[in-house]
Amino acid sequence: MTQSVIVQVGQCGNQIGCCFWDLALREHAAVNQKGIYDEALSSFFRNVDTRVVGDGGSISKGKICSLKARAVLIDMEEGVVNEILQGPLRDVFDSKQLITDISGSGNNWAVGHKVFGSRYQEQILEKLRKSAEHCDSLQCFFIIHSMGGGTGSGLGTYLLKVLEDEFPEVYRFVTSIYPSGEDDVITSPYNSILAMKELNEHADCVLPIDNQSLFDIISKIDLMVNSGKLGTTIKPKSLVTSSAGTFKKRQKPFDAMNNIVANLLLNLTSSARFEGSLNMDLNEISMNLVPFPQLHYLVSSLTPLYTLADVNIPPRRLDQMFSDAFSKDHQLIRADPKHSLYLACALMVRGNVQISDLRRNIERLKPSLQFVSWNQEGWKTSLCSVPPVGHSHSLLALANNTCVKPTFMELRERFMRLYKKKAHLHHYLQIEGMEESCFTEAESSLSALIQEYNQLDATKSMPVEDLPRLSIAV
Amino acid sequence: MSIVTVQLGQCGNQIGFEVFDALFRDSHCPQGLCSKRENEAYQASCKERFFSEEENGVPIARAVLVDMEPKVINQTLSKAAQSGRWKYGQHSCFCQKQGSGNNWAYGYSVHGPRHEESIMNLIQKEVEKCDSLSGFFIIMSMAGGTGSGLGAFVTQNLQDQYSHSLKMNQIIWPYGTGEIIVQNYNSILTLSHLYRSSDALLVHENDAVHKICAKLMNIKQISFSDINQVLAHQLGSVFQPTYSAEGSFHYRRNPLGDLMENLVPHPEFKMLGVRNIPQMSENSLAYSTFTWAGLLKHLRQMLISNAKMEEGIDWQVRPPVSRLPTLGKMSLNKELHFNTSIANLLILRGKDVHSADLGGFKDPALYTSWLEPVNAFNVWKTQRSFNKYEKSAALVTNSQFLVKPLDKIVGKAWNMFASKAYVHQYTKFGIEEEDFLDSFTLLEQVVASYCNL
């Protein structure tokens, strides 16, 4: 069994991370009836005897003493991290796992990347090495951050280079929150494009998510609840709130949205942690879904949407779950995969679903989806027998699809509008190490990526022909 | 003589468990339809082949379990132990933490050399427990990373270290529509390597077994467990004991050796398939009766029309009337209506087995011209029924039946290779484009050879 380390960077990253740890604990509590520290738990948690001072406290087997998250929390402001450390999850984090500063990055990628990067390089390396040492077999780093700000965007992507150099064999999965059009940070296009270049070059796999989609999903739920169509009340142990038990009417604004992302991460790793008839490890995600090193952006969609569980809707038929996964309403980024070209698609199913159900639905959905000519049956599937908390089954679909192209093009558009006027540029250029060439290089890196997607799209309407084969002299 | 089984990867281990379970349950089945003494001889023969004795009487499977991540092996070991009837050896497994990531190159070039010594030691220990070794079963899938890549590596090692023992690889052919995206790459690399180092490849197709579950067994929600059980039944019907010769009542000692001798006369032709009838749910079984004539007629037609199961057989297909010399390479575009065989082995189990008329299988029109039917066709029998079927007939065939599926996989892999998609994942671990090309060349050769029969 392998372990993964979560690195949460910046305000957004830490808030999502917080939701993730809460849900992870609840999931394992539901599955792990005997309180024994097992392999599944060890993928995200260490078992520590807190009475032991210093480093010697790790226990590898037996009863659970005190669980510590395999996480590194980084923020250049103290507010968010302090709140976490005072909240219900305070015991899950080791005080040695934090890196904080007071001044913040001022929504400036250059400050996050260049200033804080170099200032905290040693510390970051040390914390990462420590967390890796605690792992028997470290397989993956999950980085959670936003693209539009300064810390998550700048320092978060600085980390990628560090991880690549220091731990070249460990996978780097990045969950990136992209800014929506109405983002209130004016410089978010700059930050995003500068960060994209780093993602292009140093990440193994990126799951882009945008706030607008998450917001749309939550709004739809609210609409359904408020319209009274469903009649019943929201369940008390709601997963919408971040603290178990009490239902807060006025919850923190981003909680519901963060929970969706947290659930994405849980489902992504479920087949690696729990048993099933067709397992899928994290290294298989990269192997199957990344046909060319540059094209590692995966569109994710999740059903059932977790907030839906909190309203008493009857469990939907199994086949409906598959159809939902391919509908725009369930995607975590605004894109239209059905009308673009699929390079590859992964279906990760949890719960009491068998191979025949999976095959039936693939056959059913295939005709409406367009796959690239050399990967007509580009499906990767996994079956995990442990369902998520509160549901009998769930499905996570990850698609490598050219539909991310419009998102990137729009981002580039917004970037160009600012850059042409040199608006706010001086904030960046005054940072040591930043020059205009940083911007132009970042923009051309993105353009090259868009071009690759263009080339693939061009093959979309061409008829699928079999290439001439090797002929053998008989 | 004994057979040592090496179970590799998730697929190999899941199937391996079902196989040993099926063998055990059948050999201890009270409804053998024969005398007590006969039953005991059958049990003893089965045990010698597949199980070794433990102190407190619980038989231990002669198997080595290998996987690069622990979940499946843990499950397999506990399922076996739970049954209380038989189990796996405590120290017979080798496990790592990280898995192969569906990457053939990782399984072959990284895991293989890294763990070579440990795995071969485990196998050696198991071999030493045998009084006399007939050979090895290696159960693996083609589509994943461990079964396929590490499986190819282990088979190569077995060839080097145990060159006098036979190796039969049980290969699971993946579903046509994706279980894994890179399954075609993994498959061609596996097949080309195994062709060089294995003695015979017994192929089981997921699609075919799935259809059997759906149509013949009437299972509504088919799980991998169902599929594996059907597979285990098919394997059991081939490898459970049979009489060593016509008229003899002693059980055959070297099934692997005899099978190879009968079915693989030429190293260019190693691909074998199994057809086993009847196959139905236990409920239907109670209401059905069979005759040998009926079973053999169906089986023969299944063979020549290349049907994978007993339903939907195309009765229009007939063997060619006269044996004209084949004119050059047969184009694959033309439907391969008639399935020419190199060799066939029929295994009959059950009541009145000696009365079965085998003339239909001795027809020279079924076979290629370079083997006399008396050499190309063989039959094994036992009166002892198998797995509660009053009569059952299994056919192990070396024929053209796999040409189309093989051609399909090679075609798809070639298309993908032409666009260079995913190739970087393999070159990262030492499998270069040349290795791909070598594999393609070898398999095109195999396809051509079978086509030209």
### Query
What option among A:S373, A:S382, A:A272 has the most heavy-atom pairs under 4.5 Å with chain B?
A:A272
### Summary
Of B:M416, B:Q425, B:Q96, the largest count of non-hydrogen pairs under 4.5 angstrom with chain A goes to B:Q425
#### Entry: Most chain B-contacting option - heavy-atom pairs closer than 4.5 Å, from A:L282, A:L343, A:L278, A:L295
A:L278
### Task
Would you check if the distance from the ring center of B:Y175 to the ring center of B:H210 is below 6.0 Å?
yes
### Task
Examine the side chains of A:R350 and A:S271 and answer whether a donor and an acceptor come within less than 3.5 Å of each other.
no
### Task
Answer with side chain, backbone, both or neither: which region of A:D281 has an atom nearer than 4.5 Å to a non-hydrogen atom of chain B?
side chain
### Task
Mark yes or no for whether A:T402, through its side chain, and A:L341, through its backbone, hold a donor-acceptor pair below 3.5 Å.
yes
### Task
Please work out whether the ring planes of B:W370 and B:F269 are parallel, tilted or perpendicular, with thresholds of 30° and 60°.
tilted
### Message
Which atoms of A:L138 are under 4.5 Å from chain B, going by heavy atoms: the side chain, the backbone, both sets, or neither?
### Response
backbone
### Message
Here's one to test your reading of the geometry: is the NZ or CZ of B:K420 within 45 degrees of the ring axis of B:F417 and under 6.0 Å from its centre?
### Response
yes
### Task
Indicate the ring-plane relationship of B:F436 and B:Y185, choosing parallel, tilted or perpendicular according to the 30° and 60° boundaries.
perpendicular
### Task
Would you check if the distance from the ring center of A:F167 to the ring center of A:F141 is below 6.0 Å?
yes
### Message
With chain A as the partner, which of B:A413, B:G144, B:G411 has the greatest number of non-hydrogen pairs under 4.5 Å?
### Response
B:G411
### Query
Relative to chain B, which of A:Q139, A:E363, A:E39 shows the most heavy atom pairs under 4.5 Å?
A:Q139
### Query
Once the angle between the rings of A:F274 and A:H28 is folded into 0 to 90°, is it parallel (under 30°), tilted (30 to 60°) or perpendicular (over 60°)?
tilted
### Task
Give the member of B:Q14, B:E69, B:E179 that has the highest number of heavy-atom pairs under 4.5 Å with chain A.
B:E179
### Task
For each of A:D136, A:V290, A:I285, A:I362, tally heavy-atom pairs with chain B at distances under 4.5 Å, and name the one with the top tally.
A:V290
#### Entry: Pick from B:V423, B:D226, B:V410 with the largest number of heavy-atom pairs that fall under 4.5 Å of chain A
B:V410
### Message
Under 4.5 Å from any heavy atom of chain B, what part of A:N288 do you find: side chain, backbone, both or neither?
### Response
both
#### Entry: Contact summary for B:S281 and B:M217, nearest pair of heavy atoms
CB-O, 3.5 Å
### Message
Between A:Q3, A:Q354, A:M280, who has the most heavy-atom pairs with chain B when the cutoff is under 4.5 Å?
### Response
A:Q354
### Message
Heavy-atom cut-off 4.5 Å, strictly under: side chain, backbone, both or neither for B:I227 against chain A?
### Response
side chain
### Query
At a heavy-atom separation under 4.5 Å, does B:Q98 approach chain A through its side chain, its backbone, both, or neither?
both
### Query
What part of B:E444 is in contact with chain A, defined as an atom under 4.5 angstrom from a non-hydrogen atom: side chain, backbone, both or neither?
both
### Message
How close do A:E201 and A:E164 get, counting heavy atoms only, and between which atoms?
### Response
O-OE2, 4.0 Å
### Option from B:T177, B:N206, B:D207 for which side-chain hydrogen bond (donor to acceptor under 3.5 Å, both in side chains) with A:R359 holds
B:T177
### Parallel, tilted or perpendicular: ring planes of A:F371 versus A:W379, cut at 30 and 60 degrees
tilted
### Message
Quick check against the 3.5 Å criterion: does B:S419 have a side-chain atom that pairs as donor or acceptor with the backbone of A:W374?
### Response
no
### Query
Quick one: of A:M287, A:E377, A:K380, A:E284, who has the most non-hydrogen atom pairs under 4.5 Å with chain B?
A:M287
### Query
Mind checking which of residues 106-114 of chain B sit less than 4.5 Å from chain A, heavy atom to heavy atom?
none
### Query
Is chain A contacted by the side chain of B:T441, its backbone, both, or neither, given a heavy-atom distance below 4.5 Å?
both
### Query
Shortest non-hydrogen contact from B:T190 to B:N186?
OG1-O, 2.6 Å
